Amino acid sequence: MAYFLELYQDHLALEKGLSANTLRAYLADVRAFTRFLAANGVTEPADVDAACLRRYLRELHRRSQCAATQARKLSALRGYFRFLHHDGLVPGDPTEEVELPKRGRRLPAVLSRPEVERLLAAVDPAVRLGKRDRAFLELLYATGVRVSELIRIGLGDLDPREGFVSVRGKGDKERVVPVGRRALAAVEIYLREERPLLNRGRGRRVLLLNWRGGPLSRMGAWKIIRRNARQAGISKPIGPHTFRHTFATHLLEGGADLRAVQEMLGHADISTTQIYTHLDRTYLKQVHRSFHPRG
């Protein structure tokens, strides 16, 4: 009770509209900090100062937690103390005096265009669920949506005539994303020839169904990708987010505007999208080294 965690949980769930997974992650980071405070004799958040936060970061470093993990935990604490300060529960926000740990920016893994073509061609539409798998993979690459967004797409969210799909992203924000002709064709075949066989009234009008007729799960999505990547002979580790990175990278390689890519990905901040410009430069450098006579 001394740390107002129940109030903060209500704030995150009701006012911020965070998903259950994100909510659990934020609270876990805050609770880990309160345990550190209790072990060091600090009983109330009002007694926390910048020096206390820096000691906590040093403790995380001592436990060999990487800079990215430290930055994530401090970011969670910033949200927590801003809430407490805004509601008058603490006199100030001690996190304002603490800098985020510096971390190297990792470039996300992407598939090359030939790898994408190989992966999509590896799907056999003649086998059971093959048409579903093809529609799933085509949509994932064509739209760049998160897998959590894709598995929630309903039958009424797709407009094949206009070539758009309505997607609900983080914070339940809705955006409209274009869908290419090939993906629409794959979805049409799946809807006509396979979904009626899967549908047993448990699909809640969700577009993509599993073999039992219910909505496709995140784990089911991972299995589709792993199975077809293996069939395509792609050995690099890939997952649903690889398609999102690939989508953005291929658009920028083709000359797409950064703001347009930001809109399609549903990024609130364009700096999140800018990582793909760095990735694009890395790709261009590799091409230069490979093909220029003096590369």
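Values in this document were obtained by computation on a predicted structure and should not be read as measured data. We're numbering straight along the sequence, starting at 1.
Hydrophobic clustering (ILVMFWY, side-chain heavy atoms < 4.5 Å, transitive): Leu197 and Phe136 are in distinct clusters. Cluster annotation: Ile234 and Trp222 are assigned to distinct hydrophobic clusters (Ile/Leu/Val/Met/Phe/Trp/Tyr, side-chain heavy-atom contacts under 4.5 Å, transitive). The same ILVMFWY cluster, assembled from side-chain heavy atoms under 4.5 Å apart, contains both Leu7 and Leu18.
The ring-ring contact (aromatic ring centres under 6.0 Å, His included) check on His85 picks up nothing, with sequence neighbours excluded. Annotation: ring-ring contact (aromatic ring centres under 6.0 Å, His included) contacts of Phe83 (sequence neighbours excluded): Tyr8, His11.
A donor-acceptor pair is defined here as one N or O able to donate and one able to accept, closer than 3.5 Å; such a pair exists between the side chain of Arg195 and the backbone of Leu207. Within the 3.5 Å criterion, the main-chain N or O of Gly214 finds a donor-acceptor partner in the side chain of Asn210. A donor-acceptor pair is defined here as one N or O able to donate and one able to accept, closer than 3.5 Å; such a pair exists between the side chain of Asn228 and the backbone of Ile224. Under a 3.5 Å cut-off, the side chain of Asp124 and the backbone N or O of Ala126 do form a donor-acceptor pair. Judged by distance alone, with hydrogens and angles left aside, the side-chain atoms of Asn40 form a donor-acceptor pair with the main-chain N or O of Phe36 at under 3.5 Å. Listed for the Thr242 side chain is a donor-acceptor partner under 3.5 Å among the backbone atoms of Gly239. Side-chain atoms of Thr143 come within 3.5 Å of backbone atoms of Leu139 as a donor-acceptor pair (strictly under, hydrogens ignored).
Salt bridge status for Glu115 with Lys236: present, with a side-chain N to carboxylate O gap under 4.0 Å. A salt bridge between Arg259 and Glu263 is absent, with no side-chain N of the basic residue lying under 4.0 Å from a carboxylate O of the acidic one. The pair Arg168-Glu174 counts as a salt bridge, with a side-chain nitrogen and a carboxylate oxygen less than 4.0 angstrom apart. Looking at Glu138 and Arg134, a side-chain N of the basic residue comes within less than 4.0 Å of a carboxylate O on the acidic one, giving a salt bridge. Electrostatic pairing of Arg192 and Glu188 counts as a salt bridge here, judged by a charged N lying under 4.0 Å from a carboxylate O.
Inter-residue side-chain proximity for Leu5 and Tyr80 is flagged as met; some heavy-atom pair is nearer than 4.5 Å. In this structure the side chain of Trp211 reaches within 4.5 angstrom of the side chain of Leu129, judged on heavy atoms. Between Phe81 and Val48, the closest side-chain pair of non-hydrogen atoms falls below 4.5 Å. Side-chain contact between Tyr26 and Gln9: absent, with no pair of heavy atoms (C-beta onward) separated by less than 4.5 Å. Residues Pro125 and Tyr190 are not in side-chain contact: their nearest non-hydrogen atoms beyond the backbone lie 4.5 Å or more apart. Here the side chains of Ile153 and Val206 are not in contact, with every heavy-atom distance at 4.5 Å or above. With contacts defined as side-chain heavy-atom distances shorter than 4.5 Å, the pair Val179/Leu158 qualifies. The shortest distance between side-chain heavy atoms of Val147 and Arg244 does not fall below 4.5 Å.
Relative orientation of the His245 and His241 rings is perpendicular, given thresholds of 30° and 60° on the angle between their planes.
Under 3.5 Å, the side chains of Thr22 and Ser19 contain a donor-acceptor pair of N or O atoms.
Note that CG of Leu111 is 4.0 Å distant from OG1 of Thr246, once rounded to the nearest 0.5 Å.
Within 6.0 Å of CZ in Arg200 there are more than 12 heavy atoms belonging to other residues, nucleotides or ligands.
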- Query: Do Glu149 and Arg175 pass the salt bridge (charged side-chain N to carboxylate O under 4.0 Å, His left out) test, and can you show the C-alpha distance, the side-chain angles, and the key distance before you say yes or no?
  - Reply: CA-CA 11 Å; Glu149 298 168 343; Arg175 69 185 189 278; 2.9 Å; yes

- Evaluate the criterion side chain to side chain contact (heavy atoms under 4.5 Å, CB included) for residue pair Val176 and Val167; output intermediate values, then yes/no. CA-CA 6 Å; Val176 178; Val167 179; over 6 Å; no

- Item | Candidate pair Arg113 and Glu117, rule salt bridge (charged side-chain N to carboxylate O under 4.0 Å, His left out), full reasoning | CA-CA 6 Å; Arg113 296 186 188 194; Glu117 293 297 332; over 6 Å; no

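Between Phe33 and Tyr56, the gap from one ring centroid to the other is short of 6.0 Å.
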